[in-house]
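Note that these values count all heavy atoms, side chains included, but never hydrogens, waters or copies made by symmetry.
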Amino acid sequence: QVQLVESGGGSVQAGGSLRLSCAASTYTGSRYCMGWFRQVPGKEREWVAGISTGSGIIYYTDSVKDRFTISRDNAKNMLYLQMNSLKPEDTAVYYCAADSPTLSGCYSRLTRADFGYWGQGTQVTVSS
């Protein structure tokens, strides 16, 4: 059982930056894929970024490449999302998620939002 708690959301103007954090209740480093997702009302949850066990492989959806950076500190059981050059279309509730990798790795969990553990979400609002 893993409990996840996000923090760091807020309101920022376009072009600004925010850093989201996700605290896990237990060690996740070598056992869990982790990812960031976002959702706006009326739309499906969308994957944003993911990181494999041990941070060996990192994934980004096209819309955030070169602007967002995912990282994890396994010693502190923390996951981060550094968001730069924010745009109004980045406005959403952001969730972190964790689960063990499938036989094919972590990417399939990201694309299918197939994670067993989710945080409660943190709101990010970007104004133009």
Side-chain angles (χ1 to χ4, degrees):
Q1 193 82 350
V2 180
Q3 294 179 329
L4 303 171
V5 179
E6 302 96 336
S7 61
S11 297
V12 64
Q13 289 191 327
S17 298
L18 284 173
R19 188 194 195 204
L20 304 183
S21 299
C22 174
S25 61
T26 188
Y27 179 70
T28 58
S30 61
R31 298 173 56 190
Y32 291 103
C33 310
M34 298 195 76
W36 287 99
F37 292 77
R38 64 188 180 188
Q39 189 170 24
V40 298
K43 292 190 176 182
E44 290 188 357
R45 193 168 294 187
E46 168 192 36
W47 78 274
V48 174
I51 189 165
S52 68
T53 58
S55 306
I57 304 174
I58 289 176
Y59 311 91
Y60 296 103
T61 197
D62 287 345
S63 63
V64 307
K65 282 180 181 176
D66 301 323
R67 298 190 299 122
F68 291 10
T69 303
I70 187 172
S71 62
R72 65 194 299 174
D73 185 336
N74 292 329
K76 297 181 179 179
N77 299 334
M78 294 293 295
L79 179 72
Y80 304 102
L81 186 68
Q82 178 66 44
M83 304 186 295
N84 298 328
S85 302
L86 282 161
K87 304 176 180 180
E89 51 263 43
D90 294 319
T91 296
V93 178
Y94 283 72
Y95 300 88
C96 71
D99 210 330
S100 56
T102 67
L103 291 176
S104 55
C106 296
Y107 186 67
S108 61
R109 288 203 180 279
L110 287 170
T111 56
R112 294 182 288 127
D114 180 22
F115 282 77
Y117 304 105
W118 294 87
Q120 83 289 349
T122 186
Q123 176 70 46
V124 171
T125 302
V126 184
S127 58
S128 58

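- The backbone N or O of Ser11 lies less than 3.5 Å from no partner atom in the side chain of Thr125, so there is not a single donor-acceptor pair.
- The nearest pair of heavy atoms linking Ser63 to Glu46 is OG-OE2, 4.3 Å.
- Of the inter-residue distances, the one linking Lys43 atom NZ with Arg38 atom CZ reads 9.5 Å to the nearest 0.5 angstrom.
- Across Ser17 and Asn84, no two heavy atoms sit closer than the pair OG-OD1, 2.9 Å.
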>> Between Ile51 and Trp36, is the side chain to side chain contact (heavy atoms under 4.5 Å, CB included) condition met? List the steps.
In response: CA-CA 9 Å; Ile51 189 165; Trp36 287 99; over 6 Å; no

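- Shown here are the side-chain contact (heavy atoms from CB on, under 4.5 Å) partners of Gln120, two or more places apart in sequence or in another chain: Val5, Glu6.
- Ser108 places a side-chain heavy atom less than 4.5 Å from the side chain of Thr102.
- Looking at Arg109, its side chain does come within 3.5 Å of a backbone N or O of Ser100 through a donor-acceptor pair.
- Residues Asn77 and Thr26 are not in side-chain contact: their nearest non-hydrogen atoms beyond the backbone lie 4.5 Å or more apart.
- Atom OG of Ser52 is separated from atom CZ of Arg72 by 7.0 Å, given to the nearest 0.5 angstrom.
- Counting heavy-atom neighbours within 6.0 Å of Glu89 CD, excluding the residue itself, gives a total above 12.
- With contacts defined as side-chain heavy-atom distances shorter than 4.5 Å, the pair Leu86/Leu18 qualifies.
- Looking at heavy atoms from C-beta onward, Met83 lies out of side-chain contact with Val12 at the 4.5 angstrom threshold.
- Side chain of Thr122 to backbone of Gly9: a donor-acceptor contact under 3.5 angstrom is found.
- Within the 3.5 Å criterion, the main-chain N or O of Gln39 finds no donor-acceptor partner in the side chain of Arg45.
- For the atom pair Ile58 CD1 and Cys106 SG, the distance stands at 11.5 Å (nearest 0.5 Å).
- For Arg67, the CZ atom counts as densely surrounded, since its 6.0 Å shell holds more than 12 non-hydrogen atoms of other residues, nucleotides or ligands.
- Of all heavy-atom pairs between Leu110 and Tyr59, the closest is CD1-CD1, 3.5 Å.
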>> For a side chain to side chain contact (heavy atoms under 4.5 Å, CB included) check, start with the C-alpha distance between Thr111 and Trp47, then their side-chain angles and the critical distance, and finish with the verdict.
In response: CA-CA 7 Å; Thr111 56; Trp47 78 274; 4.0 Å; yes

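- Residue pairs meeting the ring pair (Phe, Tyr, Trp, His ring centres under 6.0 Å) criterion with at least one partner in residues 108-128, sequence neighbours excluded, are Phe37-Phe115, Phe37-Trp118.
- Met78 places none of its side-chain heavy atoms less than 4.5 Å from the side chain of Cys22.
- Residues Pro88 and Ser128 are in side-chain contact: their nearest non-hydrogen atoms beyond the backbone lie under 4.5 Å apart.
- Side-chain contact between Val93 and Val40 is absent, with no heavy-atom pair separated by less than 4.5 Å.
- Panel note: side chain Ser25, backbone Gln3; a donor-acceptor pair is recorded below 3.5 Å.
- No more than 12 heavy atoms of other residues, nucleotides or ligands sit less than 6.0 Å from atom OH of Tyr107.
- Sorted by first and then second residue, the ring pair (Phe, Tyr, Trp, His ring centres under 6.0 Å) pairs involving residues 78-100 (not counting sequence neighbours) form an empty list.
- The minimum heavy-atom distance linking Leu79 with Gly35 is given by the pair CD2-O, 3.9 Å.
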> Is there a side chain to side chain contact (heavy atoms under 4.5 Å, CB included) between Leu4 and Met34 once you walk through the steps?
Replying inline: CA-CA 11 Å; Leu4 303 171; Met34 298 195 76; 4.1 Å; yes

>> Run the salt bridge (charged side-chain N to carboxylate O under 4.0 Å, His left out) test on Asp90 and Lys87 for me, step by step, so that the C-alpha distance in whole Å, both residues' side-chain angles and the decisive distance to 0.1 Å come before the verdict.
In response: CA-CA 5 Å; Asp90 294 319; Lys87 304 176 180 180; over 6 Å; no

> Hey, mind stepping through Thr91 and Val124 against side chain to side chain contact (heavy atoms under 4.5 Å, CB included) and telling me if it holds?
Replying inline: CA-CA 5 Å; Thr91 296; Val124 171; 5.8 Å; no

